[in-house]
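The analysis underlying the following values was restricted to heavy atoms, covering all of them including side chains, and did not include hydrogens, waters or symmetry mates. Chain letters run A, B, ... following the sequence lines, proteins first and then strands; every chain starts at 1.
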There are 2 protein chains.
Amino acid sequence: MKGNVLKGHLEMLVLSVLARQPRHGYAIIEDLRVWSDDAFELPEGTLYPVLHRLEKSGLISGSWDDVDGRRRKSYALTDGGHAALDEQRRSWHEFSVAVESVIGGVPWPSR
Amino acid sequence: MKGNVLKGHLEMLVLSVLARQPRHGYAIIEDLRVWSDDAFELPEGTLYPVLHRLEKSGLISGSWDDVDGRRRKSYALTDGGHAALDEQRRSWHEFSVAVESVIGGVPWPSR
DNA sequence: CACGGGTGCCTAGCGTTCCTAGGCATGAAG
DNA sequence: CTTCATGCCTAGGAACGCTAGGCACCCGTG
């Protein structure tokens, strides 16, 4: 398993939300909160830098809307974003399986 | 959700290894590697600071052995360590369920 | 004997990530 | 007019994992 899989699953979560439909920042926070049953309550100071990072690396693309005189920036997955999400999901699955193997009370196989 | 649950599952993994039996640093690395089917290959520079942190916070206790003229430091879980492991496992479970909720069952547009 | 490889411990410092703590602006509601 | 919700943003810090070293001992091989 390459890279730093022990942290940083947040990007995957954000990409997952945006994979369903384009959303703007506040809505992403809300979606994560609802879909995770209140487990994830991101502060804005956490989310926005992530969005900027993802946009900069080309995984999402943002566009400004104007809704009732309020400006919003909506983000959508790019093709690269879909690919990255696929990869990150695979990686997450490996990670969680590995964690379960280690913490599961299962006594060491073979033997 | 309290604390920084998005990262830092490493302590739990180390505690899990030590919950089975006391081990010294190198052996912990090896156990993690084997039990995770090579998913986790910790560099020493990652593990040792964790062990020191855990010992300092009283979750594990270390003792020096002498094996064939080589010195080793073996660690074992304290009572607090067992409690902490329980708590961290609970936390991990919540986390992984929440992640699955967000990423799972996604009506992938292209599928 | 010398030397490399495996065992075994350690630390300084870095890059990244997430969060705290602010700031700014608009519209709706009291 | 003031407060609340919406909506965006950034600077700075803390924590974490990793890189990249160092030290020391044992054993096998050349």
Whole angstroms only, please: what is the [atom1]-[atom2] distance between [X] and [N]?
X       : N      : atom1 : atom2 : result
A:Lys56 : D:dC9  : NZ    : P     : 14 Å
B:Ile29 : D:dC18 : CD1   : P     : 11 Å
B:Leu32 : D:dC18 : CG    : P     : 11 Å
A:Arg33 : D:dA5  : CZ    : P     : 13 Å
B:Leu51 : C:dG8  : CG    : P     : 14 Å
A:Asp65 : C:dG27 : CG    : P     : 16 Å
B:Glu44 : D:dC18 : CD    : C1'   : 12 Å
A:Glu55 : D:dC8  : CD    : P     : 12 Å

When you measure from the side chain of [X], which nucleotide among [options] comes out closest?
X       : options               : value
A:Arg53 : C:dT17, D:dC9, D:dG17 : C:dT17
B:Tyr26 : D:dC16, C:dG8, D:dC8  : C:dG8
A:Arg72 : D:dG17, D:dT19, D:dG7 : D:dG7

Salt bridge present between [X] and [Y] (N-O < 4.0 angstrom):
X        : Y       : result
B:Arg33  : B:Asp38 : yes
A:Glu100 : B:Arg89 : no
B:Asp31  : B:Arg23 : yes

field: Most 5' of A:Val50 and A:Arg70 on DNA chain C, judged by nearest nucleotide
entry: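 The answer here is A:Val50.
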query: Starting at the 5' end of DNA chain C and moving along, which residue's nearest nucleotide shows up first, A:Gly45 or A:Asp68?
result: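 Closer to the 5' end of DNA chain C: A:Gly45.
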task: Report the relative orientation of the aromatic rings in B:His9 and B:Trp92; use parallel for angles under 30°, tilted for 30 to 60°, perpendicular for over 60°.
output: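 Ring orientation of B:His9 relative to B:Trp92: perpendicular.
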Kindly say if [X] contacts the phosphate of [N], meaning a side-chain N or O under 4.0 Å from OP1 or OP2.
X       : N      : answer
A:Tyr48 : D:dC9  : no
A:Arg23 : D:dG7  : no
A:His52 : D:dT10 : yes

field: Backbone N/O of A:Met12 and side chain of A:Ser16: donor-acceptor pair under 3.5 Å
entry: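 Checked: pair present.
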task: Please figure out whether A:Tyr75 or B:Glu41 has its closest DNA chain D nucleotide nearer the 5' end.
output: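 Going by which nucleotide is closer to the 5' end, it is A:Tyr75.
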